[in-house]
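Read through the structure below, which is laid out as structure tokens, and then see the notes.
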Amino acid sequence: MTDSGEDPRVTGLRTAVSRLRRELAAHPADFPDRAIAEDELAALAAMTTYGIPEIPRMRSSLLLIAGAIGSVSALARGLAEVRDAVELFGGPGGN
């Protein structure tokens, strides 16, 4: 737990999601699944405001985001940071 009592994994996920949302907003190219990525990033951001996110839902969002922006190389680093933050929560049971 951090000094604020928040799980550091949640803080890390919030930071990674926020960064990727900013990068996506600044990315000039429009691509077919951009709205999906934006919606799922918003969902992940919302999950970080209510304690520990539901792992299956978080993983589902990550898969949708990866599918939507996975081929946009300019966003690869931010996507990897979100993936790494999600992985800190472990598998479907939280382990």
Side-chain angles (χ1 to χ4, degrees):
M1 293 291 171
T2 64
D3 290 339
S4 67
E6 183 174 70
D7 187 320
R9 299 174 301 171
V10 174
T11 304
L13 178 59
R14 182 181 304 117
T15 300
V17 167
S18 178
R19 185 175 298 125
L20 183 55
R21 288 179 86 182
R22 286 191 310 271
E23 290 173 5
L24 180 58
H27 189 68
D30 195 19
F31 47 93
D33 294 332
R34 185 181 190 122
I36 293 170
E38 291 168 345
D39 289 348
E40 292 303 320
L41 284 166
L44 277 177
M47 286 182 223
T48 66
T49 62
Y50 302 109
I52 303 295
E54 181 184 335
I55 293 170
R57 175 66 176 104
M58 190 171 43
R59 290 185 173 278
S60 176
S61 287
L62 176 62
L63 287 173
L64 288 167
I65 294 164
I69 67 173
S71 64
V72 182
S73 61
L75 302 173
R77 181 171 174 237
L79 178 59
E81 289 175 3
V82 171
R83 184 192 67 238
D84 292 345
V86 168
E87 291 300 320
L88 291 176
F89 288 89
N95 300 323

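Just so you know, these numbers use all the heavy atoms, side chains as well, and skip hydrogens, waters and symmetry mates.
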Quiz item: Which is it for Asp84 and Leu88 under the side-chain contact (heavy atoms from CB on, under 4.5 Å) test, yes or no, and what are the steps along the way?
Solution: CA-CA 7 Å; Asp84 292 345; Leu88 291 176; over 6 Å; no

Quiz item: Stepwise, does the side-chain contact (heavy atoms from CB on, under 4.5 Å) test hold for Val17 with Arg14?
Solution: CA-CA 5 Å; Val17 167; Arg14 182 181 304 117; 6.0 Å; no

Quiz item: Do Leu64 and Leu62 belong together in a cluster built from hydrophobic side chains that touch within less than 4.5 Å?
Solution: no

Quiz item: Which residues pass the side-chain hydrogen bond (donor to acceptor under 3.5 Å, both in side chains) test with Glu54, sequence neighbours left out?
Solution: none

Quiz item: Does Ser18 have any side-chain hydrogen bond (donor to acceptor under 3.5 Å, both in side chains) partners at least two apart in sequence or in another chain, and if so, which?
Solution: Arg22

Under 3.5 Å, which donor-acceptor pairs link side chains of residues 74-82 to any protein atom two or more places apart or in another chain?
unit_1, atom_1, unit_2, atom_2, d
Glu81, OE1, Arg19, NH1, 2.7

In residues 34-46, what donor-acceptor pairs under 3.5 Å come from side-chain atoms, sequence neighbours left out?
unit_1, atom_1, unit_2, atom_2, d
Arg34, NE, Glu38, OE2, 3.2
Arg34, NH1, His27, O, 3.1
Arg34, NH1, Ala29, O, 2.5
Arg34, NH2, Leu24, O, 2.2
Arg34, NH2, His27, O, 3.1
Glu40, OE1, Arg57, NH1, 3.0
Glu40, OE1, Arg57, NH2, 3.4
Glu40, OE1, Ser61, OG, 2.6

Self-check item: Contacts of type side-chain contact (heavy atoms from CB on, under 4.5 Å), residue Ser71, not counting sequence neighbours
Solution: none

Self-check item: Contacts of Ile52 that satisfy side-chain contact (heavy atoms from CB on, under 4.5 Å) - sequence neighbours left out
Solution: Asp7, Arg9, Val10, Phe89

Practice problem: To the nearest 0.5 angstrom, please state how far the CG atom of Leu20 sits from the CD1 atom of Ile69. | Solution: 4.5 Å

Quiz prompt | Pairing residues for Arg21 by the salt bridge (charged side-chain N to carboxylate O under 4.0 Å, His left out) criterion, not counting sequence neighbours | solution = none

Quiz item: Under the side-chain contact (heavy atoms from CB on, under 4.5 Å) criterion, do Met47 and Leu13 qualify, and how do the steps go?
Solution: CA-CA 10 Å; Met47 286 182 223; Leu13 178 59; 5.8 Å; no

